[in-house]
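Below is one structure; the comments refer to it alone.
Numbering of residues begins at 1 and proceeds along the displayed sequence.
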Amino acid sequence: MEQVVGEREAEEFTLVARKPYFDLPTACPICLPLFIYLKLAHFPFRLSFNSIFPDSDQIPYVESGTYVAYNNENSGVVECLKKDGIVDLDSEFQSAPDWVSIQAMINSWLADALTYELWVGTDGRSAYKIYYSDLSWPIGKVLFLKQVYSVKQRLGITKDNAEHREDEIYRRAKIAYGALSTKLGEQNFLFDDRPSSLDATFLGHVLVTLHALPDTSVLRSKLLEHDNIVRYAEKLKTELIESGSSSSGPQFHSVPSSSTPRKGPSNWSSKPKSKPKREKTEEEKTFKRRAKYFLAAQLLAVLLFLSVMGGYDSGDLELDDEDEGISFN
């Protein structure tokens, strides 16, 4: 394991993620692995929450001073942190013979299965809480249904092949769980009993599957068939998340906020935030303007979505509340 901080050692890093739910520090399937990666690396950081931009592909991101690494740039935040010499858990593992195959199973088969289960395979309550619960009900619900449609398109699901695609998604997940269970055995980690980014990604997937999905989830039931994976996940959850002063790393501080995703390349950011004053700062004024623009943009997106969807057969989209089994209060 190699951790490199270098000249940035004295700087304070902040991980901006989606909000916590289901006894997880962040319930987002993309944010949680990054949180775990930093914890496994014993890397000090603050945790901040963004609930203003639920569908932003920039989240999660890590920032420190003028440095920022976004999720949607340069193959993701972890790869940015490695490339920029900040923290790297994988330097000794990437030449391992089964590294690529395990990475592919976790990042494709299992990622697709969890995406399907959150948005299509269950009643959708978990996904709604994670992404849209802070938005007003009409906007949140329509954006949720829009995302369901987008997920079906990305996974190649149509009315004619829905059953076949579902079987295929679960079949691949079952194979992946079996292979990873065998690889893990009774070790603490997947490779040489030392943590890697694949442990962070896999652990994030397992914890969201176990804690965020309902008891009726097919994917959850397939995961529960592998006792050693469940033990591995719950042990690390206790060490990394539940133990406030665990010996596995320094204590981190969770600072709820609604910070705005910044625009620009990964090596650029706006000026560091000034401390709050009684008189509103320029940044606070800018944030309020951006929030208004965001709400206006989402309203426009809702109207455009409804107008586009009006041209489709509602049976194909299966967006009726009864068909989706969704009831949001």
Hey, could you give me the CD/NZ distance between Glu225 and Lys174, rounded to the nearest 0.5 Å?
4.0 Å
Do side-chain atoms of Glu117 reach the backbone of Leu219 as a donor and acceptor pair under 3.5 angstrom?
yes
For the NZ atom of Lys222 and the CD1 atom of Ile175, what is their distance to the nearest 0.5 Å?
10.5 Å
Examine the side chains of Thr158 and Asn161 and answer whether a donor and an acceptor come within less than 3.5 Å of each other.
yes
Among Leu110, Thr115, Thr209, Leu118, side chain to side chain contact (heavy atoms under 4.5 Å, CB included) partner for Pro29:
Leu118
Judged by atom type as modelled, is there a donor-acceptor pair below 3.5 Å linking the side chain of Asp167 to the main-chain atoms of Ala162?
no
According to the interplanar angle, ranging from 0 to 90°, do the rings of Tyr116 and Tyr170 count as parallel (below 30°), tilted (30 to 60°) or perpendicular (above 60°)?
perpendicular
Are any side-chain N or O atoms of Asn71 and backbone N or O atoms of Asp57, one a donor and one an acceptor, separated by less than 3.5 Å?
yes
If only atom types and distance count, is the side chain of Ser56 paired as donor or acceptor with the main-chain N or O of Phe53 below 3.5 Å?
no
Euclidean distance, Leu180 CG relative to His205 NE2, rounded to 0.5 Å:
9.0 Å
Measure up the Phe191 and Trp99 rings against each other and bin them: parallel (under 30°), tilted (30 to 60°), perpendicular (over 60°).
tilted
For residues Tyr131 and Trp119, establish whether the separation of their ring centroids is below 6.0 Å.
yes
Tell me, with the steps shown, if Leu81 and Leu38 meet side-chain contact (heavy atoms from CB on, under 4.5 Å).
CA-CA 10 Å; Leu81 296 177; Leu38 296 176; 3.9 Å; yes
Just by distance, do the side chain of Ser136 and the backbone of Pro138 share a donor-acceptor pair under 3.5 Å?
no
Minimum side-chain heavy-atom gap Val16-Thr14 below 4.5 Å:
yes
Minimum heavy-atom distance Ile59-Cys31, with the two atoms named
CG2-SG, 4.0 Å
How many angstroms lie between OG in Ser217 and CG in Asp123, if you round to the nearest 0.5 Å?
10.5 Å
Could you report the tightest heavy-atom contact between Leu24 and Lys237, atom names first, then the distance?
CD2-CE, 3.9 Å
Which distance, rounded to the nearest 0.5 Å, do you find between the OH of Tyr149 and the NZ of Lys146?
11.0 Å
Between OG of Ser133 and CZ of Arg125, what distance do you get to the nearest 0.5 Å?
13.5 Å
With the side chain counted from C-beta on, respond yes when Tyr132 and Lys141 share a heavy-atom pair under 4.5 Å apart, and no when they do not.
no
Between Glu79 and Lys82, does at least one N-O distance fall below 4.0 Å, as a salt bridge requires?
yes
The test is side-chain contact (heavy atoms from CB on, under 4.5 Å); show your working for Ile130 and Cys28 and say whether it passes.
CA-CA 6 Å; Ile130 294 168; Cys28 170; 4.2 Å; yes
Trace of the side-chain contact (heavy atoms from CB on, under 4.5 Å) decision for Tyr61 with Leu15
CA-CA 6 Å; Tyr61 58 92; Leu15 166 60; over 6 Å; no
Start with the C-alpha distance between Ser126 and Tyr21, add both sets of side-chain angles, then the distance that settles side chain to side chain donor-acceptor pair (under 3.5 Å), and finish with yes or no.
CA-CA 9 Å; Ser126 297; Tyr21 280 105; over 6 Å; no
Could you tell me if the side chain of Cys80 sits less than 4.5 Å from the side chain of Tyr67, heavy atoms only?
yes
Is there a donor-acceptor pair closer than 3.5 Å between any side-chain N or O of Thr238 and the backbone N or O of Glu234?
yes
Nearest heavy atoms of Pro214 and Arg220, plus distance in Å
O-CD, 3.5 Å
Would you check if the side chain of Lys152 reaches a backbone N or O of Ile157 as a donor-acceptor pair within less than 3.5 Å?
no
From CA spacing to verdict: salt bridge (charged side-chain N to carboxylate O under 4.0 Å, His left out), Glu168, Arg165
CA-CA 5 Å; Glu168 181 70 8; Arg165 287 293 294 131; 5.6 Å; no
Please lay out, stage by stage, how Arg154 and Asp112 fare under the test side-chain contact (heavy atoms from CB on, under 4.5 Å).
CA-CA 9 Å; Arg154 183 167 69 80; Asp112 286 350; 3.6 Å; yes
Within a reach of under 6.0 Å around CG of Asn228, are more than 12 heavy atoms found that belong to other residues, nucleotides or ligands?
yes
Do Phe22 and Leu207 come close enough that some side-chain heavy atom pair is under 4.5 Å?
no
Any salt bridge linking Arg231 with Glu186? Criterion: basic side-chain nitrogen under 4.0 Å from a carboxylate oxygen.
yes
What are the two closest heavy atoms between Leu223 and Ile229, and how far apart are they?
CD1-CG2, 3.6 Å
Where the side chain of Arg172 meets the backbone of Trp109, is there a donor-acceptor pair that is under 3.5 Å apart?
no
Taking the side chain as everything from C-beta on, heavy atoms only, tell me whether Leu198 gets closer than 4.5 Å to Phe93.
no
Check whether any side-chain N or O of Asp90 sits under 3.5 Å from a backbone N or O of Ser196 as a donor-acceptor pair, and report yes or no.
no
We want to know whether Asp199 and Tyr37 form a side-chain donor-acceptor pair, criterion being a heavy-atom distance below 3.5 angstrom.
no
In the structure I gave you, are the side-chain heavy atoms of Pro20 and Thr26 within less than 4.5 Å of one another anywhere?
no
Would you say Pro60 and Ile30 make side-chain contact, with heavy atoms under 4.5 Å?
yes
Looking at every non-hydrogen atom in both residues, tell me the closest pair between Ala233 and Leu210 and how far apart they are.
CB-CD1, 4.4 Å
Given 3.5 Å as the limit, does a donor-acceptor pair link the side chain of Ser108 with the main chain of Ala104, or not?
yes
Just wondering, do Thr122 and Thr216 contact through their side chains at under 4.5 Å, heavy atoms?
no
Measure across Tyr70 and Val77 and return the closest heavy-atom pair with its distance rounded to 0.1 Å.
C-CG2, 3.6 Å
Apply ring-ring contact (aromatic ring centres under 6.0 Å, His included) to residues Phe35 and Phe45 and explain how you reach the verdict.
CA-CA 9 Å; Phe35 175 93; Phe45 67 96; 5.6 Å; yes
